[in-house]
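Heads up, the thing below is written out as structure tokens.
Because the structure is predicted, anything quoted here is derived from the model rather than measured. By convention in this document, chain letters (A, B, ...) are assigned in the order of the sequence lines, proteins followed by strands, and residues within each chain are numbered from 1.
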Amino acid sequence: MEMLCFLLFSLKMGINSFYNELMDKLQTDKLQKFQQSLLNWYGGNARILPWREDPAPYRVWISEIMLQQTRVDAVKPYFERFLQEVPTIRDLAALPEDRLMKLWEGLGYYSRARNLKKAACIVMEQYHGRLPSDRKSLQTLPGIGPYTSGAIASIAFGAGEPAVDGNVLRVLARLSGNRGDLKDKAVRADLNALAEKLLSRQKPGDFNQALMELGALLCVPNGRPKCGECPVQPFCEACRQDAVDQIPVKTRKAKRKTENRTVFIIRFQHRIALRKRKEHGLLSGLWEFPNRYGHLSPEDIGKVLMEWGICPETITPLPDAKHVFSHLEWHMKGYAVRVKEKRETCSFVWARQEEIHRSYSIPSAFHAYLKALEKV
DNA sequence: AAGACGGGGCG
DNA sequence: CGCCCAGTCTT
């Protein structure tokens, strides 16, 4: 652990040239021990994941995009299904938008899917259908930033590039005992430099994944990290200081805004009114039940329905529902509306229940009312 | 530099 | 309920 201190120290202060030779040798020994401990642990404890079984570039790419801000368990079923239906980059470049969104439905951050397809088209046109292997080229593709480029380059192509995500930042902050705020750019720069120093040049892909796996399984963000099982605990400064509960430091983000909405399940015979969201902004291009800003009074409800060309036969309140986005909260009141006749005056689509399930991507925000649908 | 962008799991 | 997560893009 002294060596990690030294590493950090030397990054900040520069290495005293008088000790350079000696320290370099010592550093190399310690570093190799560190890498070996981590890699050995990874070899015996890595979860079996579909994209690890066969780390072909396309598979690694898809997995890394899906894994952005998303847990492994959430990704697994999506990954399998996606690869089955869209097995190659060529297929992805040719995939219709609605199929793409259907495959992504429920996974969140939908621009990831759109960027994926854009990137696939670029790869077809500019790279002969092969994903580029170097970090810089990868990073020019939409949806691939500093983390993902490093992950793909190292895991799929064996390049000596670090891959630093939130998980690795936490692990490295603890290892090095860095009490700086992870939101701070300088702190991130330090930890990125540390990742570069620690990286195994022989097995960069495994090493990067090992660091992330450590963060996911042992050096966890919530609850007490399992330091007793940690393969690099002897190298950990936070553990030595008994400060794993104080590191990393993260400033809390501003409170979410709340937004009231009123949602309508409008039924004509066995069909339900759906509406396509605008092409820009929140949940863009996905389908939703017609809804309005605010909690509408009975009079307002009448007006809105009239605006839509809806002549209600019955209006029944549904249970309230809430949905939390990372930056926004919807507090929803719902109403089931029955109509006798449907006019073609508004931009709704009238879908059968099976069609909704099969062909329309409805974000989770509306799932409470999607469920209500089945009971009525 | 800050805000937008989903959804789910956990304490 | 608040925090966090295998981040990136836009403004």
For atom CZ of Arg188(A) and atom P of dA2(B), their distance in whole Å: 12 Å
Looking only at side-chain atoms of Ser364(A), point me to the closest of dA1(B), dA6(C), dG8(B). dG8(B)
Between dG3(B) and dC3(C), how far apart are the P atoms? Round to whole Å, please. 16 Å
Atom pair distance, as rounded to whole Å: CD in Gln69(A) and P in dA4(B): 16 Å
By a strict heavy-atom criterion of less than 4.0 Å, which residues belonging to residues 104-127 of chain A are in contact with DNA chain B? Gly106(A), Leu107(A), Gly108(A), Tyr109(A), Tyr110(A)
Pairwise C1' distance for dG8(B) and dC9(C), with rounding to whole Å: 23 Å
Please collect all ring-ring contact (aromatic ring centres under 6.0 Å, His included) contacts where either partner lies in residues 262-282 of chain A, sequence neighbours excluded, each pair once. Phe264(A)-Trp308(A)
Over how many whole Å does the gap from Arg170(A) atom CZ to dG7(C) atom C1' extend? 15 Å
Just the table, please: protein N/O against nucleotides 9-11 of chain B N/O, every pair under 3.5 Å.
none

Residue pair Arg135(A), Ser149(A): steps toward the side-chain hydrogen bond (donor to acceptor under 3.5 Å, both in side chains) verdict: CA-CA 5 Å; Arg135(A) 182 170 199 156; Ser149(A) 63; 3.2 Å; yes
Of residues 76-83 of chain A, the positions that come close to DNA chain C - non-hydrogen atoms, cut-off under 4.0 Å: none
Which residue pairs satisfy the side chain to side chain donor-acceptor pair (under 3.5 Å) criterion with at least one member in residues 351-360 of chain A, sequence neighbours excluded? none
Applying ring pair (Phe, Tyr, Trp, His ring centres under 6.0 Å), run through Phe289(A) and Tyr369(A) and close with a yes or a no. CA-CA 8 Å; Phe289(A) 300 117; Tyr369(A) 294 112; 7.4 Å; no
Ordered by number, residues from residues 140-155 of chain A within less than 4.0 Å of DNA chain C (heavy atoms) are Leu141(A), Pro142(A), Gly143(A), Ile144(A), Gly145(A), Pro146(A), Tyr147(A), Thr148(A)
Are Arg201(A) and Glu161(A) close enough for a salt bridge, meaning some N to O gap below 4.0 Å? no
Shortest non-hydrogen contact from Ala156(A) to Pro57(A)? CB-CA, 3.7 Å
Taking atom types as they are modelled, is there a donor-acceptor pair under 3.5 Å from the base of dG8(B) to the side chain of Thr70(A)? no
Less than 4.5 Å apart, side chain to side chain, heavy atoms only: is that true for Leu283(A) and Tyr110(A)? yes
Flag this pair as yes if the NZ/CZ of Arg59(A) is under 6.0 angstrom from the six-membered ring centre of Trp51(A) and inside a 45 degree cone about the axis; otherwise no. no
Rounding to an integer number of Å, can you tell me how far Leu328(A) CG sits from dC5(B) C1'? 10 Å
Taking the side chain as every heavy atom from C-beta outward, state whether Leu103(A) and Glu85(A) have any pair of such atoms under 4.5 Å apart. yes
Does a nitrogen or oxygen in the side chain of Gln68(A) sit under 4.0 Å from OP1 or OP2 of dG7(C)? no
Are any side-chain N or O atoms of Lys117(A) and backbone N or O atoms of Leu95(A), one a donor and one an acceptor, separated by less than 3.5 Å? yes
I want to check one thing: is the phosphate of dG7(B), taken as OP1 and OP2, less than 4.0 Å away from some side-chain N or O of His323(A)? yes
Scan residues 64-78 of chain A for pairs that pass side chain to side chain donor-acceptor pair (under 3.5 Å), counting only residues two or more places apart or in two chains. Glu64(A)-Tyr147(A), Gln68(A)-Thr148(A), Thr70(A)-Arg112(A)
If the threshold is 4.0 Å, N to carboxylate O, is there a salt bridge linking Glu259(A) and Arg261(A)? yes
Ring pair (Phe, Tyr, Trp, His ring centres under 6.0 Å) partners for Phe82(A), two or more places apart: none
Residues of residues 210-217 of chain A with a heavy atom under 4.0 Å from any atom of DNA chain C, listed by number, are Met212(A), Glu213(A)
List the atom of Asp320(A), the atom of Lys333(A), and the distance in Å for their closest heavy-atom pair. OD2-NZ, 3.0 Å
Not counting sequence neighbours, which residues clear side chain to side chain donor-acceptor pair (under 3.5 Å) with Asn260(A)? List them please. none
With the threshold set at 4.0 Å, does a side-chain nitrogen-carboxylate oxygen contact exist between Glu105(A) and Lys102(A)? yes
Side-chain donor or acceptor of Arg292(A) paired with backbone N/O of Val304(A) under 3.5 Å: no
Would you find more than 12 non-hydrogen atoms of other residues, nucleotides or ligands less than 6.0 Å from Glu53(A) atom CD? yes
Result of checking Val337(A), Leu296(A), Asp300(A) against Leu305(A) for side-chain contact (heavy atoms from CB on, under 4.5 Å): Val337(A)
Please report, rounded to the nearest Å, how far the C1' atom of dA1(B) is from the CG atom of Asp181(A). 14 Å
Please determine if Glu288(A) and Lys276(A) form a salt bridge, counting it only when a charged side-chain N lies under 4.0 Å from a carboxylate O. no
Set out, in order, the CA-CA distance, both residues' side-chain angles and the distance that settles side-chain hydrogen bond (donor to acceptor under 3.5 Å, both in side chains) for Arg47(A) and Gln209(A), then state yes or no. CA-CA 11 Å; Arg47(A) 288 168 291 182; Gln209(A) 291 189 84; over 6 Å; no
Are any of the side-chain nitrogens in Arg174(A) or Glu237(A) under 4.0 Å away from the carboxylate oxygens of its partner? no
Say we look at dT8(C) and dG9(B): how far apart would their P atoms be, to the nearest angstrom? 23 Å
Contact nearer the 5' end of DNA chain C, comparing Arg52(A) with Lys322(A): Lys322(A)
Residues in contact with DNA chain B, drawn from residues 277-289 of chain A - heavy-atom cutoff 4.0 Å: Gly281(A), Leu282(A), Leu283(A)
Given dA2(B), is OP1 or OP2 found less than 4.0 Å from the side-chain N or O atoms of Lys183(A)? no
Roughly how many Å apart are dA1(B) and dC5(C), using the C1' atom of each and rounding to a whole number? 22 Å
Please list residues of residues 55-67 of chain A whose heavy atoms come under 4.0 Å from any atom in DNA chain C, ordered by number; otherwise none. Glu64(A), Leu67(A)
Sugar-phosphate, base or nothing in reach of Arg47(A), heavy atoms under 4.0 Å: base
